[in-house]
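Okay, so here's the structure we're looking at.
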Amino acid sequence: MKILITGFEPFDKETVNPSWEAVKRLPDVIGGCEVIKLRIPVVRFEALDAIAEKIRESHPDIVLSVGQAGGRTAVTPERIGINCDDYRIPDNAGNQPANEKIDPEGPDGWFSSLPVTDMCEAIRRAGVPSSLSNSAGTFVCNHVLYGVRNLCEKEFPEIRSGFIHVPYIPEQCLDKNAPSLALDDIVRALQAAVEVCI
Ligand code: PCA
């Protein structure tokens with residue numbers, strides 16, 4: 001069994017992105033499952049293209065994407081991705097779509113096909129705060145959650161996929177009044193979530 005786990009490059013004037021920092025620290029095997037790690041750009045369409053290319057190359061059973069949600073206090077599996085790109089800030093290539101569809105032919109939303117409530121429970125059992133999120137926003141993370149599911153429904157129906165948002169890490173919050181979670185805790189949370197998925 002193989003799981004592809006993606007994390008993002010930094011964006012919005014940050015120098016790190018806790019999603020990639022945590023993903024790259026995960027073990028290469030979790031519960032007998034091979035872990036393939038991929039760093040993806042915070043760029044409309046390019047993020048999804050990178051994942052699609054890796055899916056075609058490595059044929060994973062599960063695709064789990066991870067992103068930063070600055071301001072959140074817990075590790076939050078996402079329930080649903082919506083067919084909407086409405087960017088509050090430009091992405092790393094300067095794209096800033098307003099109220100556009102991700103796939104003009106696609107459905108309004110795709111639910112994560114990962115066991116999101118079990119993932120929350122597993123993360124809490126690992127001693128890390130977690131709650132289920134009902135909105136991944138309308139920026140690149142939602143684009144990836146919706147887009148990967150949309151791709152898999154069409155081309156790879158056997159692949160399950162979903163998304164987890166993680167808080168800032170402390171080094172990002174030295175100059176802002178915002179909550180953060182230690183990187184080790186985020187890594188432990190992701191590992192617990194992966195275990196329950198496999
Ligand atoms: N978070 C952004 C995009 C990249 C990331 O790490 C988001 O929540 O959409």
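Indexing begins at 1, ligand by ligand and atom by atom, following the structure's order.
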Under 3.5 Å donor-acceptor pairs involving side-chain atoms of residues 137-144, not counting sequence neighbours:
from: Thr138; atom 1: OG1; to: Asp86; atom 2: O; distance (Å): 2.7
from: Asn142; atom 1: OD1; to: Ile82; atom 2: N; distance (Å): 2.8
from: Asn142; atom 1: ND2; to: Ile82; atom 2: O; distance (Å): 2.9
from: Asn142; atom 1: ND2; to: Cys84; atom 2: O; distance (Å): 3.2
from: His143; atom 1: ND1; to: Asp85; atom 2: OD1; distance (Å): 3.1
from: His143; atom 1: ND1; to: Asp85; atom 2: OD2; distance (Å): 2.9

(request) Give a yes or no on whether a salt bridge exists between Glu78 and Arg72, defined as a side-chain N under 4.0 angstrom from a carboxylate O. (result) yes
(message) Does this structure show an ion pair linking Arg44 with Glu100, if we count only N-O contacts that are shorter than 4.0 Å?
(response) yes
(request) Sort out the contact shell of ligand 1: every protein residue with a heavy-atom distance below 4.0 Å, listed by chain and number. (result) Phe8, Phe11, Asn17, Val42, Gly67, Gln68, Phe139, Val140, Cys141, His165
Side-chain donor-acceptor pairs of residues 28-42 under 3.5 Å, sequence neighbours excluded:
from: Asp28; atom 1: OD1; to: Lys37; atom 2: NZ; distance (Å): 3.0
from: Lys37; atom 1: NZ; to: Leu26; atom 2: O; distance (Å): 2.4

(message) Using side-chain heavy atoms (C-beta onward) and a distance below 4.5 Å, is Ile62 in contact with Ser161?
(response)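 Of all side-chain heavy-atom pairs linking Ser161 with Ile62, none is under 4.5 Å.
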Using atom types as modelled, flag every donor-acceptor pair under 3.5 Å from a side chain in residues 118-127 to any protein atom, sequence neighbours excluded.
from: Arg124; atom 1: NE; to: Ser130; atom 2: O; distance (Å): 2.9
from: Arg124; atom 1: NH2; to: Ser130; atom 2: O; distance (Å): 3.2

